[in-house]
2 protein chains.
Amino acid sequence: MIKYILLGFIKYGPMTGYEIKQNMEHSTAHFWHAHHSQIYTTLRKMEQEGLVSSQLQQQEGSPDRRVYSLLPAGRQILNEWLEHPQTEATPIKEDFLVRIFFSATRDPQEVIAEVRLHIKLHQEKIIIYQATQNHLENDLRCKKIVPDREIDFWLFTLDMGFRFEKMYIEWLTETLSRLQQM
Amino acid sequence: MIKYILLGFIKYGPMTGYEIKQNMEHSTAHFWHAHHSQIYTTLRKMEQEGLVSSQLQQQEGSPDRRVYSLLPAGRQILNEWLEHPQTEATPIKEDFLVRIFFSATRDPQEVIAEVRLHIKLHQEKIIIYQATQNHLENDLRCKKIVPDREIDFWLFTLDMGFRFEKMYIEWLTETLSRLQQM
DNA sequence: GGTCGCATGTAAGCTGTTACATGATTGA
DNA sequence: TCAATCATGTAACAGCTTACATGCGACC
């Protein structure tokens with residue numbers, strides 16, 4: 001999956017691993033994240049596979065930049081991936097639910113405190129997503145850096161981010177009141 | 001994480017890897033899944049670490065069963081893990097959103113078809129969760145196999161499963177209509 | 001003087017997936 | 001006869017995290 005994300009970004013134009021990481025933090029963070037170590041190693045592997053090419057750019061004062069460009073083979077496997085629809089729902093892995101699942105024998109007050117903490121954590125996510133939305137709608141769209149249609153699709157995914165956090169907070173709030181009644 | 005899930009199940013009573021896998025499919029599947037290969041290898045590793053012990057049970061006709069029991073060290077690290085609250089929201093990795101994010105240049109009809117397919121996939125999830133709910137409320141709770149309080153907590157996580165799928169379908173439906181208007 | 005941003009990388013280890021492998025019994 | 005269920009395992013790989021490592025310039 002990380003491979004297609006990297007190809008997807010480089011398709012917008014030649015890019016360094018560092019820039020991809022920055023872009024991900026301001027666009028895909030609500031549904032996908034990666035450490036810089038994984039991005040750099042995967043880009044190198046993709047270069048060996050002939051999907052992308054790179055060239056070093058020297059800079060005064062700053063460290064050198066390795067700029068990656070999309071090669072035909074890379075464009076092709078990205079397009080092939082997009083053309084074949086995903087036929088199964090993505091399985092969920094939600095650590096917090098594992099904890100709740102096994103929390104029947106815990107101190108009820110500690111469980112309640114943890115649920116309260118997570119309400120706060122998910123409220124903070126919404127604040128972050130609002131900043132992302134502003135950035136997409138005001139900075140990127142107005143400056144015409146990225147085509148409008150791209151931003152529309154990015155906003156679709158952000159919409160899901162908001163809905164997810166809203167749903168999560170509702171569930172936490174309901175669970176909190178049930179725990180208090182027990 | 002898989003380690004704590006295995007310990008959590010074995011805490012209910014001695015269990016084989018096969019049984020843990022079955023239990024997971026009827027209880028944690030909506031927020032965590034694991035392949036049998038990972039379960040078996042992790043159980044073996046945990047035995048070497050002194051967290052669980054196992055004994056082979058011979059059976060006529062059927063293959064031998066390796067039954068795992070919780071050791072004090074295993075109970076302790078499970079309790080320690082539960083006592084330390086999770087202080088960050090679980091990051092999401094949602095393949096389908098990656099596809100939507102990079103779908104601006106795809107054939108709109110193919111994107112629409114894929115969104116429709118996912119509405120169906122998530123509706124099917126709800127049907128499965130309803131069967132799980134019946135199993136918990138009617139079979140398990142009435143037969144008094146598992147303490148009522150445990151089932152309450154399991155139902156909390158299942159409630160999240162329903163809410164997630166409902167939210168997902170609402171988002172897909174909204175996205176579908178926006179795509180059709182474009 | 002300290003931290004932040006720029007910019008890249010390696011290495012070790014853990015987690016997770018896919019495929020291969022066996023073999024008896026039960027029921028359609 | 002065919003598939004499913006019971007029951008366990010190994011091996012190869014792919015994916016991901018954490019820590020280590022460098023070094024300049026700008027700003028407070």
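The shown structure was predicted, so the numbers you read here are calculated from the model rather than taken from an experiment. Letters A, B, ... mirror the listed sequences (proteins, then strands); counts begin at 1.
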Review point. Using a cut-off of less than 4.0 Å, is there contact between a side-chain N or O of A/Gln59 and OP1 or OP2 of C/dA7?
Key: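 Indeed, a polar side-chain atom of A/Gln59 lies that close.
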**Study point:** A/Tyr18 vs C/dT8: side-chain N/O to OP1/OP2 distance below 4.0 Å
**Key:**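 Result: no.
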**Study point:** Close side-chain approach of B/Lys120 and B/Glu124, heavy atoms under 4.5 Å
**Key:**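 Yes, their side chains come closer than 4.5 Å.
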Exercise for review: Check the pair A/Phe164 / B/Tyr168 against ring-ring contact (aromatic ring centres under 6.0 Å, His included), numbers first and verdict last.
Suggested key: CA-CA 8 Å; A/Phe164 178 80; B/Tyr168 211 125; 9.4 Å; no
Point to revise | Main-chain N/O of A/Arg106 paired with A/Ser103 side-chain donor or acceptor, under 3.5 Å | key: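 Between the backbone of A/Arg106 and the side chain of A/Ser103 there is no qualifying donor-acceptor contact (under 3.5 Å).
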Practice item. Select base, sugar-phosphate, or nothing to describe what B/Gln22 touches, counting heavy atoms under 4.0 Å on all strands. Key: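 Sugar-phosphate, backbone atoms only, no base.
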Review point. Is there a path of hydrophobic side-chain contacts, each under 4.5 Å between heavy atoms of I, L, V, M, F, W or Y residues, that connects A/Leu97 with A/Leu121?
Key: no
Return the orientation label for the [X] and [Y] ring planes: parallel under 30°, perpendicular over 60°, tilted otherwise.
X        : Y        : answer
A/Trp154 : B/Phe101 : parallel
A/Tyr12  : A/Phe9   : perpendicular
A/Tyr4   : A/Trp81  : parallel

Review point. Checking side-chain contact (heavy atoms from CB on, under 4.5 Å) against B/Arg141, which of B/Leu136, B/Val146, B/Leu155 comes through?
Key: B/Leu155
Exercise for review: Test side chain to side chain contact (heavy atoms under 4.5 Å, CB included) on B/Tyr18 and B/Arg65 and set out the steps.
Suggested key: CA-CA 9 Å; B/Tyr18 192 83; B/Arg65 293 152 41 89; over 6 Å; no
Can you tell me how far [atom2] of [N] sits from [atom1] of [X], to the nearest Å?
X       : N      : atom1 : atom2 : value
A/Asp64 : C/dG9  : CG    : P     : 10 Å
A/Arg65 : C/dG9  : CZ    : C1'   : 16 Å
A/Glu19 : C/dG5  : CD    : P     : 17 Å
B/Lys3  : C/dC14 : NZ    : P     : 9 Å
B/Leu43 : C/dT15 : CG    : C1'   : 15 Å
B/Ile20 : D/dA7  : CD1   : P     : 13 Å

Study note, to complete from the structure: Given protein heavy atoms under 4.0 Å, the one-letter contact record of nucleotides 10-22 of chain D, with B base, S sugar-phosphate only and - none, is simply B----SSBBB---
Practice item. For the helix from C/dG1-D/dC28 to C/dA28-D/dT1, figure out the bend between the end axes, five pairs an end, and round to 10 degrees. Key: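 The end axes of the helix from C/dG1-D/dC28 to C/dA28-D/dT1 are about 40° apart, to the nearest 10°.
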